[in-house]
Asks: 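First the structure, which I've put down as structure tokens, then a few questions once you've had a look.
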Protein chains: 2
Amino acid sequence: MKRQVTIKDIAYKLGLSTSTVSRALKDHPDISSKTRTAVKELAALLGYRPNRIALNLRSNSTRTIGLIIPEIEHYFFSAIINGIEEIAYKNDYSVMVFQSNESYKREVINTNAVLTNRVDGVLVSFSKETNDFSHFQKLIDNEIPVVFFDRTTEDLPADQVVADDYQGAFQAVNHLIEKGCKRIAHFAAPQHLQIGKSRLAGYHDALLKHNIHFSHELVFLADTFETARKTAHEILRKPNAPDGFFAVNDISAIAIIKAAKELGKRVPEDVKVVGFENSKSAAFSDPELTTVDQFGFELGREACLMLLRRLKEGENTDFQPVRKIIRTKLVVRNST
Amino acid sequence: MKRQVTIKDIAYKLGLSTSTVSRALKDHPDISSKTRTAVKELAALLGYRPNRIALNLRSNSTRTIGLIIPEIEHYFFSAIINGIEEIAYKNDYSVMVFQSNESYKREVINTNAVLTNRVDGVLVSFSKETNDFSHFQKLIDNEIPVVFFDRTTEDLPADQVVADDYQGAFQAVNHLIEKGCKRIAHFAAPQHLQIGKSRLAGYHDALLKHNIHFSHELVFLADTFETARKTAHEILRKPNAPDGFFAVNDISAIAIIKAAKELGKRVPEDVKVVGFENSKSAAFSDPELTTVDQFGFELGREACLMLLRRLKEGENTDFQPVRKIIRTKLVVRNST
DNA sequence: TTTTTTCTCGCAAACGTTTGAAATAAATTA
DNA sequence: TAATTTATTTCAAACGTTTGCGAGAAAAAA
């Protein structure tokens, strides 16, 4: 087993102390230029590489951030990870990824893993199942900065970065109305999620603005392909079927289009559909899906930047949680 | 700053030495049951949590694996990450993710990052740009086990996990021929990538089997949406246009379908298309895409399992690289 | 030459844990 | 009671760094 070369090895070979070597390597003014170059040359020759673990122990920090996320396979989340990794990379941080798979139990385990790994800070978007937040409180109690993104809560004193769900939903529904829709259904996310509430609110208010009656009968819980497809099938078959759909994500929107086609309805002529996310699939579906761009990459960047800012702050005397809202943008395509 | 509670704190409060506390916590037989319970109770009370960093330093291992991957946003890769994380989680390992963004330079930096982070092992799928592998050799020289997946090379003595690209390609093209295609084009990946070669070989041999002439003029380098779309446009306009396409990935296949539609050709009547990956988009496209399932999740699992096996082995006297091939499966849908 | 200042460098402790060996206390045997 | 074994605990070193402080040597000032 080839041991890694350490500062001791260099010190020994040069007849110096480890302190001197350590100082020489980081250009400490106390060290003569002669020994400095000698040390550096030998270090380069031997391929010395500081042992981060030892550094970690001494500094009690790991330059690592933990990421707890529901499902990597969702385009939106992978875009977010992309943004996070980008910023982390630029600031010489590493990212540890933990998936909750939308499971509360697993999320709690992840939270512990993040703690034992002694990450410097945590980014989290919690699972759909989660409505108790005490595991995150534990992070905060341990003085680990936490930034929530996308799936957030007001129940915790923590920073948040979210898409402008309300505005996005509002614009989407407004767009449907302007395109002539009279009866618009909303496929919603669970209402204990902030995004569920906000998008419903945007839907509601856009209707209101145009004096269209809001009815709970047109709001359905359907945020997966299967449920959306099934639900769309059912309601599109009824006599008084909607002529417009605002879905809480692209997957559901695509499912709606599929269901409509299967029932012989034309999109966008008979039924107009708008999604939320602007995933790759949205551009590939037929017709191409009108959707609200959530700017996942931006969101990830911002969340990570916010966390790094907190880490730089350190000792936060009086903590004031910040809530950052990332603009959304309606991308109009052929489904409306 | 609330310091984490350490073994010392417990020792002090109980009037014991740290050694005793350490041993008590891990049920060492030397410790009397009285002190053992006392220690454990106090530990639980204070919320003691062993400092992983100290452990790492002592054991010179981090229970962390590094993952170097081109782009998280690709469905295939995120599926792989999913599989990796699954296995890592079950074995109490954490995963550090580094994206190369298909850049050789960035990949080299990632390799260094992985080294300084002292991960126990590395999983890598290298970038399209990479054809010099000395940075990976550095990992091997440092006795860090490496497993390559998907994008692999024979130039390094390392384990590999790949999809059965040859077989998948063969089946795909065979399928096209059986469906009546006479003139089949192949949109290929760069030929310095093993997957590029293997899939081309599968294409070649399937033609051969049916006594169809293989021509280099029907093989194009096109593995992104844009290049595939452009290329498809060009060749579909020519008089002797292909009636079948085998694309190296789903994105390209979807681009081909799009181009065909734009030129007024019907899929699958006039042109048949088969992709490779079985991404979500494949199921959403219209017509739904026939494609080769690469089982990314399985592949990720296997790669991680193989790495963990190597880690358990430790001291490998005579290292014999293993190459594991994950079966692929043709998923027939409406594009053929 | 003596005193003071400036340059270089080494000592030792610290970060939190584990572990072989030594030490003490208790129990057993002679 | 003395000698021996056994049970329990502590000591100290180690993992690889950093860093406050002190020390010796050389240079400058007196």
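Within every chain, numbering begins at 1; the chains are lettered A, B, ... in the order of the sequence lines, protein sequences first and strands thereafter.
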Asks: Using a 4.0 Å cut-off on heavy atoms, which residues in residues 31-50 of chain B reach DNA chain D? List them by number, or say none.
Replies: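 Result for residues 31-50 of chain B: B:Ile31, B:Ser32, B:Thr35, sorted by number.
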Asks: Going through the distances and angles, do A:Arg323 and A:Glu154 end up as a salt bridge (charged side-chain N to carboxylate O under 4.0 Å, His left out)?
Replies: CA-CA 10 Å; A:Arg323 180 182 167 87; A:Glu154 302 292 345; 3.4 Å; yes
Asks: Which residues, if any, of residues 11-24 of chain B bring a heavy atom under 4.0 Å of DNA chain C?
Replies: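 Those residues whose heavy atoms fall under 4.0 Å from DNA chain C, taken from residues 11-24 of chain B in numerical order, are B:Ser19, B:Ser22, B:Arg23.
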Asks: Please state how far atom CG in B:Leu55 lies from atom P in C:dT19, giving the value in whole angstrom units.
Replies: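 Spelled out: CG on B:Leu55 to P on C:dT19 is 9 Å.
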Asks: May I ask you to say whether B:Arg23 pairs ionically with B:Asp30, meaning some side-chain N is under 4.0 Å from a carboxylate O?
Replies: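 B:Asp30 and B:Arg23: not salt-bridged.
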Asks: What is the distance, to the nearest angstrom, from the CG atom on A:Leu57 to the C1' atom on C:dT17?
Replies: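 A:Leu57 atom CG is separated from C:dT17 atom C1' by 9 Å.
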Asks: Please determine whether any donor N or O and acceptor N or O are separated by less than 3.5 Å between the side chain of A:Asn60 and the base of C:dC15.
Replies: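 For A:Asn60, whose side chain was compared with the base of C:dC15, there is no donor-acceptor pair (under 3.5 Å).
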Asks: Do the charged groups of B:Arg309 and B:Glu313 touch, with an N to O distance under 4.0 Å?
Replies: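 Here B:Arg309 does not pair with B:Glu313 in a salt bridge, since their nearest N and O are not under 4.0 Å apart.
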Asks: May I ask you to decide whether A:Asp27 forms a salt bridge with A:Lys40, counting only side-chain N to carboxylate O separations under 4.0 Å?
Replies: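 A salt bridge is present here (some side-chain N lies under 4.0 Å from a carboxylate O).
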Asks: Side-chain N or O of B:Lys8 versus OP1/OP2 of C:dT17: is the shortest distance under 4.0 Å?
Replies: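 No, outside the criterion.
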Asks: Let me know the distance between CZ of A:Arg118 and C1' of C:dT17, rounded to the nearest Å.
Replies: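 Distance, rounded to whole Å: 11 Å.
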Asks: My understanding is that only residues two or more places apart in sequence, or in another chain, count here; which of them pass ring pair (Phe, Tyr, Trp, His ring centres under 6.0 Å) with A:Phe136?
Replies: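 Partners of A:Phe136 by the ring pair (Phe, Tyr, Trp, His ring centres under 6.0 Å) criterion, ordered by chain and then number, come out as A:Phe148.
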